[in-house]
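Predicted model only: the values in this text are computed from it and were never measured. Below, chains carry the letters A, B, ... as their sequence lines are ordered, and counting in each starts from 1.
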Amino acid sequence: MTEEPQVLTLCCNWCGYNAADQAGAAKIPYSPGVRIVRLMCTGMADPYYVLRAFERGFDGVLVIGCHPGQCHYKSGNLQAREQTDRLLGVVQALGIGAERLRMDAASSSEGPRFAEIVNEFTETLRKLGPSPLKEVA
Amino acid sequence: MEALAPPAGAPDEALRILAQEGCIQCNKCTMNCPVHRVDVTFSPRKTILQAYLGGSDALSERDLWACLTCGECQAVCATEVPFPAFIRAKREALRSVRERTAPCKHGGYKEILAKIMAKPNLNQDRRGWIGDGLQVADAGDVIYFTGCMPYLDGVFTYTDTARIGKAAIKVMNAAGIVPMVSNAERCCGHDALWNGDRETFETLARRNVEWIRASGAKRLVTTCAECYSMLKYEYPKVVGDLNVEVVHMTQLIQELVAAGKLAFTKPVDLTVTYQDPCRLGRHSKEYDAPRAVLRAIPGVKLVEMDRIRENSMCCGVGAYANCDAQTKFLQQERLEEAASKAENLVTACPHCRIHFSCYLDGQPVDPLPDLKIIDVTDLAAQALG
Amino acid sequence: MTGGTRKIGVFICHCGGNISDVVDVNAVREFAAQQDEVVASTDFRFMCSNQGQARLQETIKEKGLDGVVVACCTPKMYEDMFRGSAKEAGMNPYLLEIANVREQCAYAHRHEPEQATEKAKALVAAQVAKVRNLRPLDVKTAPIHDGVAVIGAGIAGIHAALLLGNAGHKVTLIEKSPTIGGNMARFDKTFPTLDCAMCTLSPKMNDVFNHPNVDLMTYAEVKDAVRAPGRFTLTVVQKPRYVTDACIGCNRCTEACPVSGPKSPIKVESEWNLGLSPRKAIYLPFSQALPQQWTLDADHCYYFQRNHTCGICAKVCPADAIDFTQRPEEVQVEVGAVVVATGYRPFDASQIPQYGFGKYADVYHGLQVERLLSSTGPTNGKLLKKDGTPPQSVGIIHCVGSRDEKYRSYCSRVCCMASLKYAHLIRERTGARVYNFYMDMRANGKGYEEFYQRVASEQVGFVRGKPTRVTDQATAPEEEGKLTIVVEDTLAGVVLRVPVDMVVLSTAMDPEDVDGLLASLKLDKSPDGFVKEYHLKINPTETAVKGIFVAGCAQSPKDITDTIAQAGAAAMSASMFLGSGSMTLNPLVAEVNPDLCRACTRCSEVCEFDAVRVDPEALVAIVDETSCEGCGKCTVVCPTGAITVRQFTKTQIAASIDALAPKAVAP
Amino acid sequence: MTAAAVRPFDEMMDELAKAGASSLYLCYQCGLCTSTCPWSEVRDVSVRKMLRQAQLGIGGLEGDDLWLCTTCRACAARCPRGVDIPTVIRAARSFVAAAGAEPDRLKTVRGHLASAQNPWGGKPEERSRWAEGLNVRPFEKGMDVLLFVGCTAAYDPRIRTVARALVRILDAAGVTFGTLGNDEVCDGDPALRIGDGDLFRSLAERNAATFEERGVEHIVAISPHSFEALKHEYPKLGASFEVEHYTQLLARLLDQDRLKLRSDGNVPVTYHDPCYLGRYNGVYEEPRKVLESIPGVRLEEMEPNRADSLCCGGGGGRIFLETPPEERFSNLRIAQAERVGAQVLASACPYCVLNLEDSSKTTAKSPLAVRDVAEYVAERLA
């Protein structure tokens, strides 16, 4: 169908999701392969979601939360960072490639930053090609 | 609790398994069942009786997943009724009825890993954890089947599982063996099989057999009791002969020491007790090799617990299907027993180690003395000096 | 797939073209209609309009919907409104989800309409999948206890207690010192009007003391607080005064007490006068103290310290009011709301040794000068040096500890005006030459700039510069016997040595040391150490803990005007909270399946809100739904999947992910 | 005078930012630096004004006043906005020096450093002459410590006695040590402080390579300036070793009872804190402890002391520049020492000892002996 890399983007309700709204409202283009799931906090981003997304054929997974120190729940983003870092090794060992999993931060007013993050990530994924787990039709 | 209906018209395969052996309702199974000790409503005898009388449908959701499949019932049974196999068949049968009902503990992590590893186009890097100073090869006579070890440290923060693998390679290297570690390796499928996902299990088995046969290796070594029981006993049923001899690491060490190819030179002054993993012990009948290894290490003093070998008690969790407050009581019971004998509990399965370590990492039911959980291979590596 | 039992309706909004100009809404509508368990799929020009909502409600009723997906703008806009409409139509509002096809499709991909349409389908499918897995949620409420505790009886606490009492609430006003009044009662005059501080404060003290709705606890401290939905149970320690209510205030005990006498080995300084005068072991802090009840300080009393050798107070007491057997008592106070008004204390100026506080006799901090200027102070309002003579010249150093990253980074806001007030009063009372050493003059209140002008016109010297030191080492005859302030006059660009007789340090305001209280109440501090408010700009009187409010200098340094205003606002917020009678609990919080919980405590370890604890008896984790914020950190660390956040369970999220996945998009 | 239009000196602003001096913009012009600066005791100079003009990029740092700074850190230690003034000065110096506009005398110093690897112009092959007659061995692996001598102790006849004294003390305590002999080069501190970062780097890298080659793990420095450079600047270049000032080592030896000292009668002694030992590194107590362990010594504290101590005037390259007698901080220090009735003024830095001794000779009203702590201890060895 589409050649755009498919990106599951787990956004926290307070920063990442609002930043995506801001990017939209400002009509800053980004790849339509970016698919957002809203979580209350990146702290609830379970490793299962990341692995499930890869299993279902996503080319990359992006976790976007608040900047360190800005978490609506104090430290959810820090826990997410720690968990994501641990998972990088797993994703790498699985042969998916650590470059396909990324965590970043964008505050609720940083629409341009959201677009910049997803565009840069999409670009990386484009260079990497489709995920090895993607079922070839 | 909700009773589960089998698919309409499906033959009661689970009942067939049960009926092969005749239960005499002596109740020894229930009396020896660890789950029964913490939840009196769980009774293998009663379940068997109900199945005989009205088919296996009456099994409740709770009972279906509470069984540890540890096999203690079967070990004490006069007629060897294969209760774990019955449970497994039941889980398999019900899988087609609805999406699996028992949530895999640890958030489905291992389940999703197995599913990913069942995929065809996988290009794993299974050696990242090995580190410097240890030698592995792309081919050779001996395969080291690492199991899910490299992936466990992604979520289990309270114990370093890669440590066991490093120890295994160190021991093999010391005996002049440079084992093959293959990037083509997949999950052995143990959890999938025991949780009723035969499709995933068989896919994994086929993918594994393919590279194992192609490798030309003569032997395959595992440090995991689960991998061992799968590769040695379950794979042949599905894919035929693997063309390699499957051995557990403790068997290999025992053999190397006996042949004079491996010597433990550095005393490890520890008093230890030994936990028989269900999959190595009751499921595979290997009780002696790990003990032989412990005896071969200078300085190690083995003090046995009261319930050992076929009477050994499960670590509390089977195939990540069951884990709850009852599990916790079982673990407390077992760890208290261990602590009354020694300061170190040695086991021969990474999962026993994880489950006991998990217990020790959290809040205990009652205060426990300091107890360390060590893998036997790790201990052997320490004795190499 | 087999047909499910749910009846889901999908509503696609055109947003007047904002969406429909880019996204092919017909295609999305048809796609949605094919999804499992979708029984109605429709599109509309403006879903947020009255007609749009009516369409939603009609369809819910007509089709008996138990699930709705509205594909429209961001949920941040109208999710609440749509849920409200659904509720009115008889559907559980938590079965409605928004697919954000405006911001995430029509806006972001407006140059790629086909892709935008495909993505819109995926977003709708994801929300349909999620809704399929949602459960109806009950919104729980908890009755709110009608009492309110005000902690701290300075001007903020007194004002808040009065307003709350007047509004008919039962108020418990808790003060840790023997008298109410706080720091303001120490002041002589208040800027910029130069009103007599006690003349304005004293009537309020009397009002609150006599208020039928205010229960006053002085010499009492909150030791612990337990929170339950709608209720706080405070454990208050009533410290022993060793003086009973029988006290008639005759002062004979104080006169007879040997402590701090010229020959007494036990000496103690008056806290009230900030160490500028001695006090007895049995005392009334100051003449207008309320309650007019004497207090015995056991730590400095011969009876307690020297093995019962004294007891003269008991002998001279005509009312038999001395009771040496008193012990601390714990009292439980149940309330529905708490106002924290714990105030400030002056920064300890001896931390900056260069300014000689504690080293040179005539270096004072601001609050001490208030006492020296007060008619009830140690010098009866005469500003005198330690040697008893009036100063000929006084230097007032601003920002001592404030605006200094070595000590306190923040501006204490009142010191400029307070320093001007000292300058005025000192010049008025002694005629001394006064120098203000300032960096910036901040006169940002009503009448403040005018006050600055007035004081400037009184020939007060203003030197712009932060002094490096105060020294008694003379380098010129004019400095002999004086304290010399060394400073760069940054406006003239020269280093000055200014000899003075007295130095006043306008010290920073520190938050009162209430760490224990804040920990009990689960309140956070801002980086500056003051109580953290809910939102600095738009909600400075509430805190992150529902039912706890903050007023006065507990929240940040402020002057009396602002303190009164904030105390009023805090009282209003508390009154409205109490008046609502019950609190709605956010249903989107964590819940524990006790069958799966193994009481490992990992959830409580990661929780930042102390919202989940493990019951040691039942060995199960229990969520306090009033404290849980629903962040879900616990769900990731739970080994057994026993704890989940409602509306964000693993099945619900995984269903969305599957629906968004590349395979699922293909028709 | 007509006002000139503001024309920011962008190049210099960029240079300052690159050199890590951006804390400059935090300055809110309170003037505490000016009145805290020791120069304000002896002449007019406004640190604040220099910062002010630099903030706006309208000059201010390129004048002669730039070369007054002794990098004593008294200003930075107090600055309420955390402006790292010595770094601003260093960055500005490097900018000005790059344009060749530094004082001529410093050009010579740079020349010496580049050609002879010491600022004094001594011959490299004579670096170890200070140790003549003493059995000082080249450092080899297994020795307790490497003694980093430093240029002043190596070449200055007055300070050579300090190094020699330290050798006697270490021998007496049974500490095995060695030096790099003629392979030692300047620690680089003078280059760094007068704004020649490249020169500093080349010297530091040379020493670091020698340390590496000889297997040096533990260094004892005589000069606090060497100590500071080794401790905080060398690691930035990737070097790794333990370093301490000799007073710290002596304090430890005394703790271990490895030094026996005899009485000096009842002598009032005062101690002058070197900036690079005190404010830079927080070493205040060890030298005092060493002095107090000499039987009979009565330690009197001058005002100011410790973190507020007055600079001797020698840091930041000032030791190489001429200072008119009426502007010498060391003269003020002598007066402060006399005020507490000291007979001995001890310090632990070659520059301090040189400056204070000069001032003592010219301004002391009654005899006031200036001693390095090492000299004093060596004299009292039992």
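Between the side chains of C:S627 and C:R227, at least one donor N or O sits under 3.5 Å from an acceptor N or O.
The only member of A:V63, A:V118, A:V61, A:T124 that meets side-chain contact (heavy atoms from CB on, under 4.5 Å) when paired with A:R102 is A:T124.
Under a cut-off of 6.0 angstrom, the local environment of OH in C:Y534 is sparse, with at most 12 non-hydrogen atoms contributed by other residues, nucleotides or ligands.
The side-chain tip of C:K130 points at the ring of C:F648 from less than 6.0 angstrom away and within 45° of straight on.
A salt bridge between A:R52 and A:E55 is absent, with no side-chain N of the basic residue lying under 4.0 Å from a carboxylate O of the acidic one. Checked for salt-bridge contact, A:R113 and A:E116 miss the test: no charged N lies under 4.0 Å from a carboxylate O.
Using a 4.5 Å cut-off between heavy atoms, A:L8 contacts chain C through its side chain alone, with no backbone atom that close. Heavy atoms of A:A23 lying under 4.5 Å from chain C are absent altogether. In this structure, no portion of A:A26 lies under 4.5 Å from any heavy atom of chain C. Proximity to chain C involves both the backbone and the side chain of A:N13, based on heavy atoms less than 4.5 angstrom apart. Contacts between A:T42 and chain C at a heavy-atom distance below 4.5 Å are absent for every atom of the residue. For a residue to count as touching a neighbouring chain, one of its non-hydrogen atoms must lie under 4.5 Å from one of that chain's; by this rule A:Y49 touches chain C with backbone and side chain alike.
Near-neighbour residues of residues 69-77 of chain C relative to chain A, defined by a heavy atom under 4.5 Å from a heavy atom of that chain, comprise C:T74, C:P75, C:K76. Along residues 97-110 of chain C, the residues that come nearer than 4.5 angstrom to chain A, judged on non-hydrogen atoms, are C:N100, C:E103, C:Q104, C:Y107, C:A108, C:H109, C:R110 in order of number.
No side-chain heavy atom of A:I64 sits under 4.5 Å from any side-chain heavy atom of A:L10.
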